[in-house]
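Before any comments, here is the structure.
First the proteins, then the strands, lettered A, B, ... as listed; each starts at 1. Quick caveat: nothing in here was measured; it's all calculated off a predicted structure.
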Amino acid sequence: MPDFSKKVLDVVSQIPKGFVLTYAEVARRAGHARAARAVGNILNKNHDPRIPCHRVIRSDGNAGGYNRGAALKVKKLKQEGAL
DNA sequence: CGTATGACGTGCA
DNA sequence: GTGCACGCCATAC
């Protein structure tokens with residue numbers, strides 16, 4: 001697994017409850033400030049439940065997508081108080 | 001190795 | 001506020 005993907009998954013897995021990061025932020029932490037698209041791709045392929053990918057949202061406020069349904073993603077964020 | 005794809009971001013009409 | 005076009009990057013084929 002490339003370092004970038006590993007870093008992205010690592011950053012996302014470190015997101016505390018009730019807190020959300022944008023794809024751009026995650027990409028920046030991973031070392032590629034303009035790789036927001038790649039971040040989404042990695043999370044999309046990633047199927048590890050240990051990765052709270054539902055805490056990663058778009059910069060424009062939209063929750064974005066989710067491998068288990070965007071609606072579920074929003075629901076989880078509301079539950080955690082991040083929304 | 002080159003093309004196509006996608007959970008993105010910004011700018012402009 | 002909404003919709004479209006372009007640019008960006010890693011992964012899949």
Rounded distance in Å - [atom1] ([X]) to [atom2] ([N]):
{"X": "A:H47", "N": "B:dA7", "atom1": "NE2", "atom2": "P", "result": "13 Å"}
{"X": "A:N44", "N": "B:dA4", "atom1": "CG", "atom2": "P", "result": "20 Å"}
{"X": "A:K6", "N": "C:dA10", "atom1": "NZ", "atom2": "P", "result": "17 Å"}
{"X": "A:R58", "N": "B:dT10", "atom1": "CZ", "atom2": "P", "result": "9 Å"}
{"X": "A:N46", "N": "B:dA7", "atom1": "CG", "atom2": "C1'", "result": "11 Å"}

Would you classify A:A38 as touching base, sugar-phosphate or nothing, given that sugar-phosphate means primed atoms plus P, OP1 and OP2, and contacts are heavy atoms under 4.0 Å? base

Which part of the nucleic acid does A:Y23 contact within heavy-atom distance under 4.0 Å: base, sugar-phosphate only, or nothing? base

One should read off an interatomic distance between A:L21 CG and A:I15 CD1, to the nearest 0.5 angstrom, of 4.5 Å

Which value, rounded to the nearest 0.5 Å, describes the distance between A:R28 atom CZ and A:R34 atom CZ? 10.0 Å

For the side chain of [X], counting heavy atoms from C-beta on, which of [options] is nearest?
{"X": "A:K73", "options": "C:dC9, B:dA7, C:dT11", "value": "B:dA7"}
{"X": "A:S59", "options": "B:dT10, C:dC9, B:dA7", "value": "B:dT10"}
{"X": "A:N41", "options": "C:dT11, C:dA10, B:dA7", "value": "C:dA10"}

State, to 0.1 Å, how close A:A70 and A:G64 come at their nearest heavy-atom pair, and which atoms those are. CB-O, 3.7 Å

May I ask you to verify whether the side chain of A:R37 and the base of C:dG7 hold a donor-acceptor pair under 3.5 Å? yes

